[in-house]
Amino acid sequence: MKPSEVSGRKALAAGVTFYLVIAVPVILTLILLHWADSYTERAQWAARQSAALRVASDSLVGPVRDAANDLSLLTAIASEAQGRWSADGKLAQDFARFARHRRIYDQIRLLGLDGRELLRVNYRDGEIRVVPEDELQDKQGRPYFRGGVLLPPGDIYLSRFDLNMEHGKVEVPHRPTVRLVQGVFGPDGRKLGLLVLNLDGDRILGVLAHRDRNSDLGYWLLNSQGYWLYDENPSLCWGFQLGLNRTVADVEGLGDVLKSPSGGLIETPQGQFAFNRINLNSHTAPYGLIEGSQHTVISEEPYWILATIVAEDHLYSSSQARLEIMIAVCAAFLACLVPVAWLWGRWRARGERDKWRAKIYAEVIEQSDELVYVTTPDMTIEFANPAVERLTGYSREEIAGKTPRLFKSDKQSDALYASVWDKARGRKSVRALFINRRKDGTEFYESKNVSSLIDHNGRVTHLVSVGHDVSAEHERQEREMRLVDQLSAQLSHHFNNLLGPIINYAEMAADTAQENAQSGIRADIEKVLTGANRLRDVLGKISAMSLGSQLSQGVQAVGPVVRGILKIEQSSLPRRIALSLDMDDALDDVGVRFDDLALILSELISNARDAISAEGEIILAARLLELNGEANCSTCGAFLSGRFVDIAVTDTGRGMTPSELRHAFDPFFSTKQSSKLVGETLGIGLSRVRNRVHANGGHVIVETDEGRGTTVHLFCPALSLDADSVEGEMRDEVLA
């Protein structure tokens, strides 16, 4: 196969890959956008339908509520006119004027308790007619009479919504009617008859017809059996009277409409249906047709169902139009992408990008101030950049072929170096702080990151060390701690000079008060003495900590020191803070090289106490550990390897933020600067602890969770105890 054919295939493969990488997400994004757009449009329609249902329901409710109030008024008038219920009486004229004024009642009539009409006023097409007695009818068989005759005073009976019947037949033209019935009672509470209002149903349905004509939503009104009371197609309506057996349950997808207790949203092939139930009985729901009415209504049918419909072709019309635009744009974009993909594939096949990248990387490494060298997995150095030459004093020729032991000092253990490089060979990126040595024998501090290079087969081919010189930062920290020590010593000295006379005079004043039998004054003075002596103890701790390098480094047993500090601090802590111990008795036979361990623990417990603003707990714990590089110091970054005693102080206080944790060991920085303890601390506690722990060969690790508390670990090299290594008087001093 010719080289040009191989190159062409690579270019085609790269171009197709490039095209698919762009085209597939574009198409998926288009699909996702359309789905989201359709979902949003459907939700918008649903919101519109819900709002339309609320407004339309209120519009349907209004006429019936008004009719219920009118019925009560007319019943009261009829009750006052008892015995004068005749076609030529005043009551008939009152009813006629009322019907002419309201224009919404086809009939107003009074029925006797036997069901016969005693008085009827008809209103038809603007004409009022008081029906003569010889034309009055017997309504004894009508459901509204049977229901109304049982009503107690004040209750209203509501008939079903249907077409008016005359002489047993549906009246033509169709006249939808709702009948409201209320009993007429005399002053003595005796039922005299029934008052019936025939509410013109067109007044109710006209509301829906108006909204149907002036909206892109369709409306249905159904009775409790699922028959249509209103639809834009009149041939579907009043099927239960006209012999049409089709109900909403026969419509595909709407079989559950009648089962819903309140309402819902259903999407069918015909469109999206939103519906709610208008309850007609006052005792069936907190809202419905008679909501807000002062009357108790008993209805012949329990509810109506009001529905709004969005036709399928309207439901997603907007999103469909936007989809067509997006498809056109996407198609144009993908068509333009074809030549771009081909050109990119050819460029990729030539490999120019890899060459350019390699050149840039080489220049960056050569010109960088970072110390970079590359070794084989067996630790042989193959490359070192000029920064390594400048800092160590070795030339590249002297470095090549050697191992990193060339720079090793005697200040750190072989286990630390082995741990770092073993982790790097295990494909882990490792960060550590090394004390290295130059060619002239001088030492420098290097913060180093070691990682592995892996080939396409997954094998580690090289180890890369990238570091930078932090000697200046280390020296600055040392200078800062010396300044802290000097300042602490001077403050302790001056405050002790001031406290001496205060304590002496307070003691004399207390003796004088006792001699004069002034017990109240003596008690107050003793409180002053207690505070002053407590301050002297604190100043003594600060003075002792500030001596740092002047203290001897004797070996102390961990158990007695920790228990002694527990005993001392428990007496000084407020009752709201509990101090507990978690330590193995075996630590009585393990020692650490600290004369000032008790002072360090006291400082940490003091910090923990200040971190707890209300009730809380401080736990003092100690355990023996064997470490092999699993943890690194929070201050110097060194990985811990060997046998250590982990002494931890845990509090349930406020914890530290990531920003506070970064500066926790800086001199004169205090996490209390944002609390109510502002001004009560110098911010030198943790910096002093770090200084003393490092001076004694230990390390510090801080774990904190903002709002939940902080744990400070002191990792002290563990030492075996014998008769010559621990002075008995040292133990006695700690336990005193």
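These numbers were taken from a predicted model, which means no experiment stands behind them.
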Contacts of [X] that satisfy ring pair (Phe, Tyr, Trp, His ring centres under 6.0 Å) - sequence neighbours left out:
X	answer
W45	none
F18	W344
F273	W220
F240	Y227

Could you check N279 against R277 for side chain to side chain contact (heavy atoms under 4.5 Å, CB included), going step by step and ending with a plain yes or no? CA-CA 6 Å; N279 296 294; R277 180 178 288 190; 3.7 Å; yes

Evaluate the side-chain proximity of [Y] to [X]: yes if any heavy-atom separation is below 4.5 Å, no if none is.
X	Y	value
T652	R708	no
I156	L151	no
R124	R175	yes
L242	L163	yes
E267	L315	yes
L236	L244	no
Q182	S72	yes
C330	V26	yes

How close do [X] and [Y] get, counting heavy atoms only, and between which atoms?
X	Y	answer
N276	S57	ND2-OG, 3.4 Å
Q140	R146	O-CG, 4.0 Å
L111	F145	CD1-CD1, 4.1 Å
N281	I298	OD1-C, 3.6 Å
N223	L258	O-CD2, 4.4 Å
A68	L180	N-CD2, 3.7 Å

Looking at [X], I want to see if its [atom1] is surrounded by more than 12 non-hydrogen atoms of other residues, nucleotides or ligands under 6.0 Å.
X	atom1	value
E171	CD	yes
R129	CZ	yes
H314	NE2	no
E135	CD	yes
K90	NZ	no

Using side chain to side chain contact (heavy atoms under 4.5 Å, CB included) as the criterion, list what pairs up with [X], not counting sequence neighbours.
X	result
D256	K259
Q44	T40
A274	Q49, L53, L265, T308
A209	R213, Y230

Do side-chain atoms of [X] reach the backbone of [Y] as a donor and acceptor pair under 3.5 angstrom?
X	Y	value
K191	L113	no
S38	H34	yes
S79	V184	no
S299	P302	no

Partners meeting salt bridge (charged side-chain N to carboxylate O under 4.0 Å, His left out) with R84 (sequence neighbours left out): none

Show me the pairs that pass salt bridge (Lys or Arg N to Asp or Glu O under 4.0 Å) and involve residues 11-24, at least two apart or across chains.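 Output for this query is empty, none listed.
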
Please list all pairs passing the salt bridge (Lys or Arg N to Asp or Glu O under 4.0 Å) test where one or both residues lie in residues 315-340, with sequence neighbours left out.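 Sorted result for residues 315-340: D37-R322.
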
Identified side chain to side chain donor-acceptor pair (under 3.5 Å) counterpart of Y219 within the set E232, H210, R211: R211

Could you check T650, T704, D651 and say which one makes a side chain to side chain donor-acceptor pair (under 3.5 Å) with T710? T704

Measuring from [X]:[atom1] to [Y]:[atom2], what's the distance to the nearest 0.5 Å?
X	Y	atom1	atom2	answer
W85	F95	CH2	CZ	8.5 Å
M656	E703	CE	CD	10.5 Å
I309	D212	CD1	CG	7.5 Å
Y123	I108	OH	CD1	11.0 Å
I278	Y303	CD1	OH	12.5 Å
R109	L136	CZ	CG	10.5 Å

Using a strict 4.0 Å threshold on nitrogen-to-oxygen distance, state whether [X] and [Y] make a salt bridge.
X	Y	answer
R179	D106	no
D216	R48	yes
D162	R160	yes

Test side chain to side chain contact (heavy atoms under 4.5 Å, CB included) applied to L221 and L60, step by step: CA-CA 10 Å; L221 183 63; L60 291 174; 4.1 Å; yes

Check against side chain to side chain contact (heavy atoms under 4.5 Å, CB included), L280 and V297: CA-CA 8 Å; L280 303 179; V297 177; over 6 Å; no

For R54 and S50, test the side chains for any donor-to-acceptor distance below 3.5 angstrom and give the result as yes or no.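 Their side chains do contain a donor-acceptor pair, which is all the 3.5 Å distance test asks for.
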
Before you tell me yes or no, could you show the steps for D70 and F98 under side chain to side chain contact (heavy atoms under 4.5 Å, CB included), namely the whole-Å CA-CA distance, both residues' side-chain angles and the distance that decides it to 0.1 Å? CA-CA 9 Å; D70 290 345; F98 185 86; 3.5 Å; yes

Provide the full list of side-chain hydrogen bond (donor to acceptor under 3.5 Å, both in side chains) pairs with a residue in residues 234-248, sequence neighbours left out, each pair given once. N233-S235

